[in-house]
Participant: 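Have a look at the structure that comes next, please.
Since this is a predicted model, take the numbers as computed values, not measurements.
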Amino acid sequence: MIRPFKDQRSRRLLAAFLTSELGDGITAVVVPLGVYAVSDSVVALASTFLGRMLLGSLFAAVGGTIADFVDRRVLLLGSYVVRAVLVAALIPLSEANTVAFAVLGVLVGAAGSFDNPAAESALRTTYRHDLQSLAAARKTGKTVSQMVGPAIGGLLFGLGGLTLALGINVLTFVVALALLGFKRLAPGKGHKMSAPRKVSPQNAGLGCASRLGSYKGQLPPEVSMAFVSSAGASFLVAVATVLAVPYLADLPDAPAGAYGYALAAYSVGALLGLWLAGIGTWVNVRLKSILIFSAVAFGLITMVSVSIPRWEIFAAAWFLWGIAFGPEDVVSDSRVASVITDQWLARVYAAWSIVGKIGAAGAYVLVIAIGDLDIQFGFVTIGLLYAVILPVLIIVLPKETRERTPLPKT
């Protein structure tokens, strides 16, 4: 799993990507805190989260499309420069213009979705010989960044306010720019690439209704299964994350930081799960089998988390939840990357990101709809439905082929 961090073909990009994500983690905490500090409005605070999700989906679509037609290194360098400037612009706006600070804060928070497809696709292109190790390394680094970034952001905000926190945020992008160096990353269209093998007509393309692609035909089984699983997992995680706040707050013996402890338990479990998935051998295991097993496990763990009203049980269940995500995450990533040619990787990863955001948006709508429904009953019901419905949806999808071949170039 650590081989991609040592290989000269991928280590610079991995380091730059993780450093920029560390900055994203700081932004994710500092901007909402700053918006609330300068506006004292819960509505403004909620609007930053909603705006970031919606704008992030748009940026992912645009960034994914562009990344498949230009040099991805140039795109990443330009995006990091722009994002550093935008973060720096937030510093004087925090006191001068509340509305402008909130709007620009949403833009900064969503901007990471623009260059994410370029970085993801460049990584898979430069390290195609061991996609499983790369997926495990990438997911592990991302999890660490998501754990450390917000913690650093909260600490910096408490120590020196917005100026210190945003200043360090700018520095992360400067470091990411330096790490990219002068080595050209794997490009999109218009550059010499290895010729793909022939594929059967029924697998020759993406039948997406969106403008992210122009393939005609069926969605490759690996991609369709990964998309459905991602939408479902994002939905479940979003519901559980929202409902966990009032559930833990109402438990009589739960400490004040119970929610944070549960999130930490999940993160530690995710790291363990990704490590186990990275060292495991999955070549003879069908992706559909892994996704079905994972869906059942996720649903049952969600139900178990509230089976006994104690915060320790809830945190332990989330630890197991994190472990269970490992194989699904790593194998899905490596299988999808193995069937998509370099010229389409960015658009596929952009679509994947958008599908996940749609799943999370559906969860937020559901939480609003159920209103004051009993939280424990909500956890049990959603967990049960998830364990039953999602496996059925995955079962009816086409099976993946044993001989995985990349899609043709256009």
Participant: Among all residues two or more places apart in sequence or in another chain, which pass the side-chain contact (heavy atoms from CB on, under 4.5 Å) test with Y261?
Facilitator: P255, W311

Participant: In chain order, what residues pass the side-chain hydrogen bond (donor to acceptor under 3.5 Å, both in side chains) check against D24, with sequence neighbours excluded?
Facilitator: R83

Participant: Please tell me whether F235 and Y386 form a close aromatic pair, meaning their ring centres lie under 6.0 Å apart.
Facilitator: no

Participant: Looking at D333 and R124, is any side-chain nitrogen of the basic one under 4.0 Å from a carboxylate oxygen of the acidic one?
Facilitator: yes

Participant: Who passes side-chain hydrogen bond (donor to acceptor under 3.5 Å, both in side chains) against S20, sequence neighbours left out?
Facilitator: Y80

Participant: List for me each residue that meets side-chain contact (heavy atoms from CB on, under 4.5 Å) alongside L77, sequence neighbours excluded, and say none if there are none.
Facilitator: R73, L177, L180

Participant: Between K399 and R286 (side chain of the first, backbone of the second, donor and acceptor by atom type, cut-off under 3.5 Å), is there such a pair?
Facilitator: no

Participant: Checking ring-ring contact (aromatic ring centres under 6.0 Å, His included) against F314, which of W321, F379, F319 comes through?
Facilitator: F379

Participant: Could you work out, with side-chain contact (heavy atoms from CB on, under 4.5 Å) as the rule, every residue matching S332, not counting sequence neighbours?
Facilitator: A226, L287, L291, E328, W352

Participant: If we only count heavy atoms from C-beta on, is the L107 to F59 side-chain gap below 4.5 Å?
Facilitator: yes

Participant: Excluding sequence neighbours, so at least two apart, what forms side-chain hydrogen bond (donor to acceptor under 3.5 Å, both in side chains) with Q376?
Facilitator: none

Participant: State, with a plain yes or no, whether a side-chain heavy atom of D253 is found less than 4.5 Å away from one of R310.
Facilitator: yes

Participant: Who pairs with A84 by side-chain contact (heavy atoms from CB on, under 4.5 Å), at least two apart in sequence or on another chain?
Facilitator: V170, F173

Participant: Please enumerate all residues that pass side-chain hydrogen bond (donor to acceptor under 3.5 Å, both in side chains) together with S79, with sequence neighbours excluded.
Facilitator: D115

Participant: Without placing hydrogens or testing angles, list every side-chain donor-acceptor pair under 3.5 Å for residues 242-249, not counting sequence neighbours.
Facilitator:
none

Participant: Enumerate the residue pairs fulfilling salt bridge (Lys or Arg N to Asp or Glu O under 4.0 Å) with a member in residues 348-358, sequence neighbours excluded, ordered by first and then second residue.
Facilitator: none

Participant: Please check if the side chain of R12 supplies one atom and the backbone of L179 the other of a donor-acceptor pair under 3.5 Å.
Facilitator: yes

Participant: When you measure from the side chain of K288 to the backbone of M225, do you find a donor-acceptor pair of N or O atoms at a distance under 3.5 Å?
Facilitator: no

Participant: Would you check if the side chain of R347 reaches a backbone N or O of Q343 as a donor-acceptor pair within less than 3.5 Å?
Facilitator: yes

